Amino acid sequence: MMILTLETLGGLGLFLLAMTMLTDGLKAMAGTGLRNMLKEGTHSNLRGASLGAMITAIVQSSSAVTVATIGFVNAGILAMPQALSIVFGANLGTTMTGWLVSLTGFDFRIEALALPLVALGTAFRMLAGRSRFQGLGTALIGFGLFFLGLSILKDSFTGFGSQLDLAAFGSGDVRGIAIMLGIGFAITAITQSSSASIALIITAASQGALSLPVAAAAIIGANLGTTSTAFLASFGATSAARRVAAGHIVFNGITAILALAILPLLILMVRHAGDLLGLGESTAATLALFHSLFNLLGIIVLLPFTNQIARFLDRFFKTAEDDVSRPKYLDNTLISMPVLALDALYQEVTRMHILTAKLALAAFTPGAQKPAGLVGMAHAVTTLGDNISYYTIEISTGSMSRASALEFPLVLRTIRYLAETANLTPSASQLRVLLDNLEDPHAKMALRTVLQSGHYCVSLSAEKAVFDPQELDQALSRFQGDYAAAKSALLISGSNRTIDIAKLDLLLNDLSQMRRMIEQITKAARTLRDMLARASTQSQDQGKEPKSTGTTPDSTGEPSPMPASGPAPQ
């Protein structure tokens, strides 16, 4: 039993590791091309469902498609309605397994792809020079480990099905149907393979051990059991990914309720359809047809309400990070009006700058969030930057003046500066934590000094449009001098062995990250200041009311004073 438990835990651990690698790889390789391909492929809910059904029928694993979809949502590539439509279609595509088992007896082991995928992914990781292909390698390794994890889970329960006497629950009454529903769910949840459980059910029914109604109930339960895979995959995922997993559960749950409510009618329909298709008295083919029919029924009923389901699920799993990552001023209707879209971009980039400045200031503020607590907010800010970038790329600048069109590359550059600042913040904030445990007084004083000068630089940059460039230059020059002094003090302490070599490496690394963070946010502040100044000048030239460059738009679209340095996030 202990070996079984350890093997099962190992399989689950490998499964979750695979999800992490899959998400990271997809995000690294995504790029605009992959995003646009998926966007076109899921342009409508019907196309999304068709894509999900087709891919699942090919790979013979709804679990793989569902997990991949969650990975794409986790990486910010797919929107919620698109992901839901793919998941809905995957439930229909997985019924192909039952047809293969019933008509040919073919049992394709998708986990046989595990090691080749890992090998191929490793080759990409080692040989690819571009980060996008390295991301593809990471995603392939994630896929391979996912299948390997599922294989380990199934192997850890070898013999489970043969030890279960399904015939003992073969009664066709309500109690027997309820029991078989639970058994189908349990086998799929335990083995993480609806294919295995459906093959077991079809085999038992074909041998006369189960009547058609109770076998049908067991298949409904097995179909419902696939939601456990999405549930596992949602651990550690973004809120949007958890909503996709919840949508998968909602679809399968409602489909199961509908199928059970009209079970006698469905069985009657399946028998007549089987006669028309020439399936004869084949119980296996009849059950495969039943599996396809009730999933198709679920798609017919729920697919028209995909957007409404997405909006309903949007109420749940909300976090502060979700509000941050969602653009506030960008409107798709403005894409065809580049001048208005540029104004919206100025507002959104300004908002991103404020959020990034608050995040950076938290790295210097005692009592603010710990480094681990800044990771989620940093990810939200970078996600906001991705959303602004995708919006910017979609705007057509053909009808704009050359001067205005040249503003868009500067917007992208500013976003890049801010995103890198956000990514560096957790490491930079770690310096403050390590300082508290530092015993060398000389090194401690030098680090305190560089933290103070760094905080002052960020505070000036947070004013983005009203800072004095000369004052910022002086602050940066002082910071660079304090940085060099702090680095020298750390190296001297290391050579005197008053600081452990491992801690010294951490301190030097975090100090370097802080320097990089300050460089990036000051670059962003300068670029944004220049853009807003030009926007104000253009407004005056066009006879409009000039925009104050010392203010930022609030949620109503009206300007509101901007604090010199926002409060650190709590």
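Just so we're clear, the structure is a prediction, and the values are computed from it rather than from any experiment. What you see below is based on every heavy atom in this structure, not just the backbone, and it leaves out hydrogens, waters and symmetry mates.
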Hey, mind stepping through Arg326 and Leu384 against side chain to side chain contact (heavy atoms under 4.5 Å, CB included) and telling me if it holds? CA-CA 6 Å; Arg326 188 179 296 110; Leu384 173 63; over 6 Å; no

For the side chain of His353 and the backbone of Ser461, is there at least one donor-acceptor N/O pair under 3.5 Å apart? yes

Quick check: do Leu412 and Phe408 have side-chain heavy atoms less than 4.5 Å from each other? no

Go through the steps to decide whether Gln452 and Phe364 satisfy the test side chain to side chain contact (heavy atoms under 4.5 Å, CB included), and finish with yes or no. CA-CA 8 Å; Gln452 290 172 357; Phe364 299 96; over 6 Å; no

Please give me the minimum heavy-atom distance between Thr356 and Ala422, naming the atom from each residue. CG2-N, 4.2 Å

Look only at the side chain of Thr498 and the backbone of Gly494, and say whether a donor-acceptor pair between them is shorter than 3.5 Å. no

Val244 side chain reached by His248 side chain, heavy atoms, under 4.5 Å: no

Side-chain polar contacts of residues 441-451 - donor-acceptor pairs under 3.5 angstrom, sequence neighbours left out - could you list them?
unit_1 : atom_1 : unit_2 : atom_2 : d
Lys444 : NZ     : Leu438 : O      : 3.4
Thr449 : OG1    : Met445 : O      : 3.0

Could you tell me whether a side-chain N or O of Ser477 sits under 3.5 Å from a main-chain N or O of Asp473, the two making a donor and an acceptor? no

Could you tell me which residues satisfy salt bridge (Lys or Arg N to Asp or Glu O under 4.0 Å) with Asp500, sequence neighbours excluded, listed by chain and number? none

Is the closest side-chain heavy-atom distance between Thr350 and Leu532 below 4.5 Å? yes

Nearest heavy atoms of Leu418 and Val349, plus distance in Å: CD1-O, 4.1 Å

Residue pair Cys457 / Ala475: nearest heavy atoms and the distance that separates them: SG-O, 3.4 Å

Exercise: do Tyr346 and Glu407 side chains pair donor with acceptor under 3.5 Å: yes

Do the side chains of Tyr456 and Glu471 get nearer than 4.5 Å, heavy atoms only? yes

Using the rule given for side chain to side chain contact (heavy atoms under 4.5 Å, CB included), can you reason through Tyr391 versus Asn387, listing the C-alpha separation, both sets of side-chain angles and the distance that settles it, and then say yes or no? CA-CA 6 Å; Tyr391 183 89; Asn387 290 329; over 6 Å; no

Validation row: Thr392, Leu345 side chains within 4.5 angstrom (heavy atoms): yes

Under 3.5 Å, side chain of Arg432 to main-chain N/O of Ala363, donor-acceptor pair present? yes

Sub-3.5 Å donor-acceptor pair from the side chain of Arg125 to the main-chain atoms of Gly137, do we have one? no

Would you call Asp314 and Met80 a side-chain contact if the rule is heavy atoms closer than 4.5 Å? no

Would you say the side-chain atoms of Ser488 pair up with the backbone N or O of Ala484, donor to acceptor, closer than 3.5 Å? no

Leu359 and Leu355, any side-chain heavy atoms less than 4.5 Å apart: no

Donor + acceptor pair across side chains of Thr527, Arg413 (<3.5 Å): no

Let me check something: any side-chain donor-acceptor pairs from residues 504-521 under 3.5 Å, sequence neighbours excluded? List them with distances.
unit_1 : atom_1 : unit_2 : atom_2 : d
Arg515 : NE     : Tyr483 : OH     : 3.4
Arg515 : NH1    : Glu519 : OE2    : 2.9
Arg516 : NE     : Glu420 : OE2    : 2.9
Arg516 : NH2    : Glu420 : OE1    : 3.4
Arg516 : NH2    : Glu420 : OE2    : 3.2

Donor-acceptor pair, distance only, cut-off 3.5 Å: does the side chain of Glu348 make one with the backbone of Tyr329? yes

